[in-house]
Protein chains: 2
Amino acid sequence: MAASESSRKHHRYSEVAAVAAKTAALDAVFQALADPTRRRILADLARGESSTLTLAMPHRMSLPAVSKHLGVLERAGLIERRLIGRERRCRLVAKPFRSASAWLEFYRRFWDDQFDRLTDFIQTTDKEAS
Amino acid sequence: MAASESSRKHHRYSEVAAVAAKTAALDAVFQALADPTRRRILADLARGESSTLTLAMPHRMSLPAVSKHLGVLERAGLIERRLIGRERRCRLVAKPFRSASAWLEFYRRFWDDQFDRLTDFIQTTDKEAS
DNA sequence: GAATTAGTAAACCAACTGGTTTACCATATC
DNA sequence: GATATGGTAAACCAGTTGGTTTACTAATTC
């Protein structure tokens with residue numbers, strides 16, 4: 001096998017691996033965002049760094065439950081944590097938000113312009129109603 | 001109870017209900033997006049309307065499995081379906097994409113400017129490395 | 001009208017999720 | 001150094017998810 005061929009193959013493999021990695025990352029991010037408790041935690045962290053206990057306060061569930069949610073957010077890369085004394089301080093990490101946003105952005109054309117089927121429907125309905 | 005008070009109370013209740021509805025809708029949308037098979041289906045639908053069988057072709061799984069994925073997407077409001085003969089034609093619906101994008105948009109400030117902690121970290125690391 | 005096509009429905013399964021409680025470990029305070 | 005604080009770990013549980021197969025229906029084609 002020629003070196004160029006091998007390298008091409010390797011390149012292709014890397015691409016597949018990279019896409020797979022991105023795909024898995026998106027899985028984790030969207031999965032993490034699909035829970036209201038976790039979205040609330042992120043909203044609270046948007047106001048500044050915070051500890052497990054502080055983040056747990058608004059939620060009517062046990063501390064271990066919130067701790068697990070933080071684990072999910074961390075595994076999705078949406079937060080970072082560091083120990084400060086016996087406290088575990090959390091903060092937002094921007095990158096996965098950016099990735100998710102970029103993915104959604106692709107579908108923007110469906111509501112930016114004439115491709116928006118819902119708008120078509122509403123306009124039709126309005127005409128019929130008036 | 002005064003009418004204004006009652007109406008205010010009702011208004012407050014409506015707000016809570018509305019937020020709850022939006023929250024549940026976001027749950028469903030992010031949950032639906034958290035699967036690579038479903039994201040691929042959406043990508044295919046972005047190129048135009050398509051039927052269950054056609055959408056199933058790229059996937060190495062049974063037809064009922066794909067049919068279920070379409071059910072998830074429909075329940076999340078991301079697609080609409082209509083019968084054409086014995087075919088079930090699917091198409092994208094823009095609104096939920098818009099909602100999800102709007103939600104993520106709130107976190108944009110974390111990568112638009114100095115709030116991006118990851119950038120800070122990378123810059124620090126680069127300085128240390130050089 | 002018989003056979004093929006385009007699906008959905010239902011039953012089943014293993015793995016994962018989101019919660020619980022109980023037990024534990026560091027760190028901080030008295 | 002005993003006690004209180006801020007958590008995590010582990011075991012457990014019910015419900016959901018993502019897949020399967022088998023069975024069925026309705027529309028189309030021969």
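Atoms considered below: every heavy atom in the structure, side chains included; atoms not considered: hydrogens, waters and symmetry mates. Every value quoted in this text rests on a predicted model; they were computed, and no experiment measured them. Below, chains carry the letters A, B, ... as their sequence lines are ordered, and counting in each starts from 1.
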Give a yes or no answer on whether the side chain of R38(A) reaches the backbone of Q31(A) with a donor-acceptor pair at less than 3.5 Å.
-> yes

For atom CD of E87(B) and atom P of dT25(D), their distance in whole Å | 22 Å

side-chain N/O S62(B) vs dG19(D) OP1/OP2, d < 4.0 Å = no

Taking CG from D35(B) and C1' from dA15(C), how many angstroms apart are they, rounded to a whole number?
-> 14 Å

Of the nucleotides dG19(D), dG7(D), dT21(C), which has the atom closest to the R88(A) side chain?
-> dG7(D)

Specify the separation, in whole Å, of atom CD1 of I84(A) and atom C1' of dT5(D).
-> 16 Å

Rounded interatomic separation in angstrom, taking CZ from R81(A) and C1' from dG7(D) = 10 Å

Classify the side chain of R86(B) versus the base of dA27(D) as yes if they form a donor-acceptor pair under 3.5 Å and no if they do not.
-> yes

In whole angstroms, how far is the C1' atom of dG7(C) from the CD1 atom of I41(B)?
-> 14 Å

Remember a base hit wins even if backbone is also touched, and classify R89(B) as base, sugar-phosphate or nothing at under 4.0 Å, heavy atoms.
-> nothing

Nucleotide of dT8(D), dG7(C), dG19(D) approaching M61(B) most closely (side-chain heavy atoms) | dG19(D)

Is there a donor-acceptor pair closer than 3.5 Å between any side-chain N or O of R39(B) and the backbone N or O of T23(A)?
-> yes

Could you check how far CD of Q31(B) sits from P of dT16(D), rounded to whole Å?
-> 12 Å

What integer distance in Å separates F30(A):CZ from dG18(D):P?
-> 15 Å

Which part of the nucleic acid, if any, lies within contact of T52(A), taking any heavy atom under 4.0 Å across all strands shown: a base, the sugar-phosphate backbone alone, or nothing?
-> sugar-phosphate

To the nearest Å, how far apart are M57(B) CE and dG7(C) P?
-> 11 Å

Output the single nucleotide from dG7(D), dT8(C), dG19(C) whose closest atom is nearest the side chain of H69(A).
-> dG19(C)

Nearest of dT21(D), dG7(C), dA9(D) to any side-chain atom of S51(B)?
-> dG7(C)

Note: for K68(A) and L63(B) on DNA chain C, the residue whose nearest nucleotide lies more 5' is L63(B)

Are OP1 or OP2 of dG19(C) and a side-chain N or O of R60(A) less than 4.0 angstrom apart?
-> no

Okay, side chain of R88(A), backbone of S67(A): is any donor-acceptor separation there less than 3.5 Å?
-> no

Does the side chain of S50(B) reach to within under 4.5 Å of the side chain of D44(B), using non-hydrogen atoms?
-> no

Is a donor on one side and an acceptor on the other found under 3.5 Å between the side chain of Y107(B) and the backbone of A43(A)?
-> yes

